[in-house]
Participant: 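If you scroll down you'll find the structure; I have some questions about it.
Atoms considered below: every heavy atom in the structure, side chains included; atoms not considered: hydrogens, waters and symmetry mates.
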Amino acid sequence: MNRREFLGTLAAAAACGAPLGAARAQVTQALYDLPKFGNVSLLHFTDCHAQLLPVHFREPSANIGVGEAAGRLPHLVGEHLLRSAGIAPGTAEAHAFTALDFAAAAKRYGRVGGFAHLATLVKRLRATRPGALLLDGGDTWQGSATSLWTRGQDMIDACQLLGVDLMTAHWEFTYGDKRVLEAVKSLGRTEFLAQNVKTADFGDPVFKPYVIREMNGVPVAVIGQAFPYTPIANPRYFVPEWTFGIQEAELQKIVEEVRAKGVRAVVLLSHNGMDVDVKLAGRVRGIDAILGGHTHDGVPVPVIVNNAGGRTVVTNAGSNGKFLGVLDLEVKTGGVVDFRYRLLPVFANLLPADAQMQALIERVRAPFKARLEEPLAVSEGLLYRRGNFNGTFDQLILDALMTEKGAEIGFSPGFRWGTTLLPGQTILREHLMDQTAITYPSVTLNELTGTEIKAILEDVCDNLFNPDPYLQQGGDMVRVGGMTYTCDPNAVIGKRISDLRLGGKALEADKRYKVVGWAPVAEGVRGEPAWDVVERYLKDRKTITPRALNVPKLIGMEKNQGLM
Amino acid sequence: MNHSRRKAIKTGGGVLAMLFAAGVIGPEMALAQGLGESAFSMKTLAEAMRAVGAQSPATSDAIVIKAPSIAENGAVVPVSIESRLPGTESITLLVEKNPTPLVASFGIPAGTEGNISTRVKMGQTSDVYALVKADGKFFMAKQEIKITLGGCGG
């Protein structure tokens with residue numbers, strides 16, 4: 001019986017009335033007692049989006065891959081993903097990695113993540129892996145009320161206590177270049193790495209590109225790769241003097257430079273997104289492993305990519321503090337000879353809270369506690385965000401914006417962060433902030449022509465479904481309220497979006513429609529913050545009925561395994 | 001960051017400006033090679049190429065374009081072109097979908113490295129062409145640069 005079958009049997013035993021405490025201890029052991037392997041270990045979390053407390057997070061039921069990415073990791077959801085990774089349905093792991101039977105499974109297995117529980121797991125693994133490095137892939141300082149209100153300081157402090165050794169970034173940049181530079185100076189033991197951020201004038205490096213660390217006598221290089229499209233996907237005015245990009249040629253040079261210095265393993269700590277990492281791994285030689293993030297793909301098994309220099313292990317470690325990746329490398333004189341990788345779900349019920357971290361979290365929350373925990377409404381349905389086209393929480397935001405601003409059409413960005421609330425749960429102010437806590441939250445009301453609306457949908461859709469991963473930005477489709485449309489992900493830009501209708505009537509090319517949106521990337525746009533507008537809507541209603549999800553009609557996706 | 005280099009270049013800005021004003025470098029270079037001003041007003045890629053004197057140039061791996069795959073700011077897209085072709089005489093940059101595709105043409109005097117860098121304005125996703133004249137013959141390379149509205153990132 002392998003470990004996964006064993007876990008399945010345990011879950012079944014628990015369901016049949018086996019003593020819960022004993023079963024729980026066994027599950028904890030089976031999940032978290034990883035046999036030590038090799039001589040170099042890297043612990044990796046990414047895209048936690050400032051979630052200090054345990055949460056629910058529903059993985060997508062729509063994560064479509066097109067072109068070469070169709071039908072392969074990370075574009076497998078639900079049972080397709082379980083089959084590919086050899087995870088038994090109906091287990092704790094199946095719940096962690098998929099949206100299957102989400103609300104019921106969430107009640108059974110409880111919340112995931114939380115820095116106090118993550119801290120316990122990190123300590124447990126460090127005990128068996130002396131010298132292991134803890135890597136943070138970025139999107140750490142943004143995503144919650146307290147992170148926004150402290151400009152990331154709560155997370156910086158929590159990561160110091162957690163013992164993060166190295167980090168890279170994306171949403172961190174939305175606090176502005178000055179704040180980032182000031183914060184980077186205060187990071188203590190943590191090195192902030194980004195080989196692909198340069199000054200726009202002369203191309204000088206802004207951050208340290210890599211570090212070389214010795215573990216058990218083995219010199220290892222870790223190179224940082226920040227999100228390449230930060231000034232495009234987020235407002236450029238936050239980082240006006242910096243330029244980003246994938247910078248593949250420069251990366252290749254760095255790999256050669258560190259190899260020449262005698263390192264025996266090279267790791268890329270990446271915020272590229274999984275598809276970009278897979279493409280990059282096929283083109284850049286000499287990287288042993290890419291520990292990836294950005295696209296929030298909780299990928300239980302690594303993808304191995306062959307290239308001219310050998311092979312590269314590519315991983316993606318999910319989001320919202322749900323997972324901790326463990327990469328163990330066996331490194332000999334000639335380099336990496338073997339590896340083991342596990343992506344461990346952080347079940348708050350199975351890992352006791354670390355007392356020190358718990359105390360820090362309470363200290364961070366104390367000044368804001370009443371504001372954070374103010375109830376706004378009760379949700380009758382499941383509220384979640386993640387998915388290619390829409391989520392019920394985004395639908396709620398759209399409904400609120402359109403109602404409050406008197407618009408016939410609503411747009412909401414395809415962010416991939418944002419936690420999940422179970423049916424019957426009270427929506428607290430901090431839950432609303434989990435969906436909206438950004439530094440450019442303005443709500444805008446515009447009059448757009450039918451032609452302009454189609455152009456916007458085409459543009460965003462191409463950022464999601466362009467078959468070339470280097471042209472994908474890693475967000476999901478803009479959420480659309482009020483109007484319906486049809487989407488053909490396999491088509492080319494200009495041809496993907498069709499049959500746009502409002503109230504059943506085709507949109508007219510030259511007619512102007514009132515469109516509400518939020519999170520404008522242009523500078524100088526003023527408007528009420530999204531959280532205020534949605535809060536008003538919630539408080540007026542007190543009870544939120546299950547949302548009718550507006551999703552496009554899809555063409556050519558019948559067999560796509562990125563849909564369930 | 002290399003502050004001394006930055007300072008030197010800033011100080012040197014005045015000298016560069018004088019060179020521009022004197023017509024030592026800049027668009028005049030293109031005129032000197034026989035490119036009429038009208039070449040810069042051609043409305044299509046084919047017309048602009050013809051005006052430069054290039055008739056269906058062959059694609060060459062010895063021309064390397066360095067440009068972003070997605071522009072961070074369409075108003076100032078950095079593009080560098082390197083020609084490793086022996087006897088490179090000129091490097092010309094064209095943006096197919098711009099209203100007037102011919103953007104810049106640089107004369108490369110003998111014994112000079114064929115390496116230029118400039119910024120172009122682009123309103124929409126387009127192929128960018130690097131046209132190199134070497135030993136009297138034209139060669140080319142192209143790369144698509146995507147212009148996007150932005151927003152909606154992960």
Participant: Are there residues of residues 71-84 of chain B whose heavy atoms fall under 4.5 Å of chain A's heavy atoms? If so, which?
Facilitator: B:Ala71, B:Glu72, B:Asn73
Participant: So among A:Asn463, A:Val460, A:Asp462, which one has a side chain to side chain contact (heavy atoms under 4.5 Å, CB included) with B:Thr148?
Facilitator: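 The single option meeting the side chain to side chain contact (heavy atoms under 4.5 Å, CB included) with B:Thr148 is A:Asn463.
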Participant: As an exercise, state the distance from CD of A:Glu458 to CG of B:Leu149, rounded to the nearest 0.5 Å.
Facilitator: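 Result: 11.5 Å between the selected atoms.
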Participant: Any salt bridge (charged side-chain N to carboxylate O under 4.0 Å, His left out) pairs touching residues 90-99 of chain B, not counting sequence neighbours?
Facilitator: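 Qualifying pairs, neighbours excluded: none.
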Participant: Atom CG in A:Asn466, atom CD1 in B:Ile70: separation rounded to 0.5 Å?
Facilitator: 8.0 Å
Participant: So, using ring-ring contact (aromatic ring centres under 6.0 Å, His included) as the criterion, who are the partners of B:Tyr129 when residues are at least two apart?
Facilitator: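 Partners of B:Tyr129 by the ring-ring contact (aromatic ring centres under 6.0 Å, His included) criterion come out as none, since no residue qualifies.
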Participant: Could I get the full list of ring-ring contact (aromatic ring centres under 6.0 Å, His included) partners for A:Phe207, not counting sequence neighbours?
Facilitator: A:Phe192, A:Trp242
Participant: Most heavy-atom pairs under 4.5 angstrom with chain B, which of A:Thr295, A:Ile456, A:Thr243?
Facilitator: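 Going by pairs under 4.5 Å, I would pick A:Thr243.
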Participant: Give a yes or no on this: more than 12 heavy atoms of other residues, nucleotides or ligands lie within 6.0 Å of atom NZ of A:Lys454.
Facilitator: yes
Participant: Rounded to the nearest 0.5 Å, what separates atom NZ in B:Lys66 from atom CD in A:Glu250?
Facilitator: 4.5 Å
Participant: Given a strict heavy-atom distance threshold of 4.5 Å, which part of A:Ile493 is in contact with chain B: side chain, backbone, both, or neither?
Facilitator: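 For A:Ile493, there is no contact with chain B at all, as no heavy atom is under 4.5 Å.
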Participant: Under a 4.5 Å heavy-atom cut-off, does chain B meet the side chain of A:Phe411, its backbone, both or neither?
Facilitator: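 Contact with chain B: none, neither part.
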Participant: Do you know which two heavy atoms are closest between A:Tyr470 and B:Ser69, and how far apart they sit?
Facilitator: O-OG, 3.9 Å
Participant: Heavy atoms only: give me the nearest A:Leu471-B:Glu144 pair and the separation to one decimal.
Facilitator: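 A:Leu471 and B:Glu144 have their closest heavy atoms at CD1-OE1, 4.1 Å.
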Participant: Report which part of A:Thr230 has an atom under 4.5 Å of a heavy atom belonging to chain B: side chain, backbone, both, or neither.
Facilitator: neither
